[in-house]
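Order of appearance sets the numbers: ligands from 1, and atoms from 1 within every ligand.
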Amino acid sequence: MTMSVEEKLGVNKFFVNEGKPHIEIDPNYPDMKEKLKLVKACPGGLYKLNENGTLSFDYAGCLECGTCRILCLGTVVKKWEYPESTMGVEYRYG
Ligand code: SF4
């Protein structure tokens with residue numbers, strides 16, 4: 001049976017550290033190219049461009065891959081850390 005990416009991601013479990021994000025961003029960063037990099041590259045689809053050009057981000061579904069850190073730490077991404085011990089993603093497939 002073939003599973004879609006969404007189905008595979010859906011079987012993971014996430015232990016969210018509410019109120020203590022492990023990644024913080026500047027949603028109003030002025031360079032649109034930097035923001036679009038994140039929208040296109042995040043495998044979890046967690047970066048969304050709003051109609052007014054600001055960026056929305058939800059750290060709760062983070063796969064901890066580090067892509068946004070490599071691409072935009074120091075520009076849009078202001079802080080990138082792994083979640084605290086026992087928090088974050090628990091992979092269930094593959
Ligand atoms: S670490 Fe990976 S999954 Fe998490 S927000 Fe960054 S690009 Fe998305």
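- Here the options are Leu9, Val16, Asn12, the test is side-chain contact (heavy atoms from CB on, under 4.5 Å), and the partner is Val89; only Asn12 passes.
- Classification of Arg92 and Glu90 as a salt-bridged pair holds, one side-chain N sitting under 4.0 Å from a carboxylate O.
- The closest side-chain heavy-atom distance from Asn50 to Leu55 is not below 4.5 Å.
- Of all atoms in ligand 1, numbered sequentially from 1 with element shown, those under 4.0 Å from a heavy atom of Phe57 are 5 (S).
- Around atom 6 (Fe) of ligand 1, the protein atoms of type N, O or S that sit closer than 2.8 Å are Cys68 SG.
- To the nearest 0.5 Å, atom OH of residue Tyr82 and atom SG of residue Cys62 are 9.5 Å apart.
- Heavy-atom contacts from other residues, nucleotides or ligands closer than 6.0 Å to NZ of Lys79 number more than 12.
- At least one donor-acceptor pair under 3.5 Å links the side chain of Tyr91 to the backbone N or O of Leu63.
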